[in-house]
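Notes follow once the structure below has been shown.
Side chains included, hydrogens not; waters and symmetry mates left out as well; all remaining heavy atoms used. Chain letters run A, B, ... following the sequence lines, proteins first, then strands; residues in each count from 1.
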Amino acid sequence: DTEVTQTPKHLVMGMTNKKSLKCEQHMGHRAMYWYKQKAKKPPELMFVYSYEKLSINESVPSRFSPECPNSSLLNLHLHALQPEDSALYLCASSQGPPGHSYEQYFGPGTRLTVT
Amino acid sequence: RKEVEQDPGPFNVPEGATVAFNCTYSNSASQSFFWYRQDCRKEPKLLMSVYSSGNEDGRFTAQLNRASQYISLLIRDSKLSDSATYLCVVGGTYKYIFGTGTRLKVLA
């Protein structure tokens, strides 16, 4: 089973709201990722967690706050977003960090609209 | 120069055709290579990993040329259902780098 689940599937939020995106995998993977994808563009890396520690933050604005409560869960907390943050937010996981040729598996994404 | 480059296409091919995509990468220390398929408004799905010896999965063949720093994907006997964006992904030490994707449309 190579399933990564994400909730919610769709989210509409105002610029003053606080919301969270959730991601879960039960494959025993030790690396998890958040990506942002705009239409007709490839996924853009935001954060990497490796063994539950944040290993990469790609200069993401602080209105996005990741959290890894345990090895199966990854959250992305959203606060004071801008309309240009509207996108598909993808979670992914891999057995280990990228440097070991592990395959990466994606969840179905959360389609976020900021009004 | 982008770290991973692909021809964005679109490639419009008739059903039954053979089509090939190439992807070049700039970092010679890159360690892993993959092809993903992404349908409109869906997540990327792993199509195949790419190994130095080349590998085949049904109608799909992937090749890696480390000397010239490119990977390729060959699709034989194209089906309408192959219409999608094909993403080349290169694994570095700390993260995966995505190409821009190549759009394929298979025409009836």
Check your understanding: What is the distance from atom CD of B:Gln38 to atom CG of A:Leu88, rounded to the nearest 0.5 Å?
Key -> 7.5 Å
Check your understanding: Is there a path of hydrophobic side-chain contacts, each under 4.5 Å between heavy atoms of I, L, V, M, F, W or Y residues, that connects B:Ile97 with B:Phe21?
Key -> yes
Check your understanding: Got B:Thr93 and A:Pro97 here, is their nearest side-chain heavy-atom distance under 4.5 Å?
Key -> no
Review point. Do other residues, nucleotides or ligands put more than 12 heavy atoms under 6.0 Å from A:Lys38 NZ?
Key: yes
Review point. What are the two closest non-hydrogen atoms of B:Tyr51 and A:Glu103, and how far apart are they?
Key: OH-OE2, 4.3 Å
Check your understanding: Quick one: do the B:Gln31 and A:Ser101 side chains pair a donor with an acceptor below 3.5 Å?
Key -> no
Exercise for review: Consider only side-chain heavy atoms of I, L, V, M, F, W and Y, link residues closer than 4.5 Å, and tell whether A:Val60 and A:Tyr89 are in one cluster.
Suggested key: yes
Review point. Is any side-chain heavy atom of B:Lys95 less than 4.5 Å from a side-chain heavy atom of A:Tyr33?
Key: no
Review point. Counting only heavy atoms not in A:Glu67, do more than 12 sit closer than 6.0 Å to its CD atom?
Key: yes
Point to revise | Exercise: identify the closest heavy-atom pair between A:Gly107 and B:Glu43 | key: O-CB, 3.0 Å
Check your understanding: Same cluster or not: are A:Leu73 and A:Leu78 linked, directly or through other Ile, Leu, Val, Met, Phe, Trp or Tyr residues, by side-chain heavy atoms under 4.5 angstrom apart?
Key -> no
**Study point:** In one Ile/Leu/Val/Met/Phe/Trp/Tyr side-chain cluster, 4.5 Å: A:Phe47, B:Val89
**Key:** no
Review point. For B:Arg103, does the CZ atom have more than 12 heavy-atom neighbours from other residues, nucleotides or ligands under 6.0 Å away?
Key: no
Check your understanding: By a 4.5 Å heavy-atom criterion (distance strictly below it), what part of B:Phe33 contacts chain A: side chain, backbone, both, or neither?
Key -> neither
**Study point:** ILVMFWY network linking B:Phe11 to B:Leu74, side-chain heavy atoms under 4.5 angstrom
**Key:** no
Review point. What part of A:Ser50 is in contact with chain B, defined as an atom under 4.5 angstrom from a non-hydrogen atom: side chain, backbone, both or neither?
Key: neither
Study note, to complete from the structure: Counting heavy-atom pairs under 4.5 angstrom with chain B, the leader among A:Ala31, A:Ala39, A:Pro43, A:Ser94 is A:Pro43
Check your understanding: For A:Leu45, does its backbone N or O pair with a side-chain atom of B:Tyr96 as donor and acceptor, under 3.5 Å?
Key -> no
Check your understanding: Between A:Pro42 and B:Gly99, which heavy-atom pair has the shortest distance, and what is it?
Key -> CB-O, 3.2 Å
Revision key, fill the gap. The interface call for A:Gln37 against chain B, heavy-atom contacts under 4.5 Å, is side chain
Exercise for review: Check each atom of B:Phe34 against the heavy atoms of chain A and say whether the ones under 4.5 Å are side chain, backbone, both or neither.
Suggested key: side chain
Check your understanding: Taking the side chain as C-beta and beyond, is there a heavy-atom pair between B:Ser32 and A:Pro98 under 4.5 Å?
Key -> no
Point to revise | Test item: A:Tyr105 and B:Leu46 side chains (from C-beta on) under 4.5 Å apart, heavy atoms | key: yes
**Study point:** Heavy-atom proximity to chain B below 4.5 Å, by part of A:Glu44
**Key:** neither
Review point. Once you round to the nearest 0.5 Å, how far does OH of A:Tyr35 lie from CZ of B:Phe98?
Key: 4.5 Å
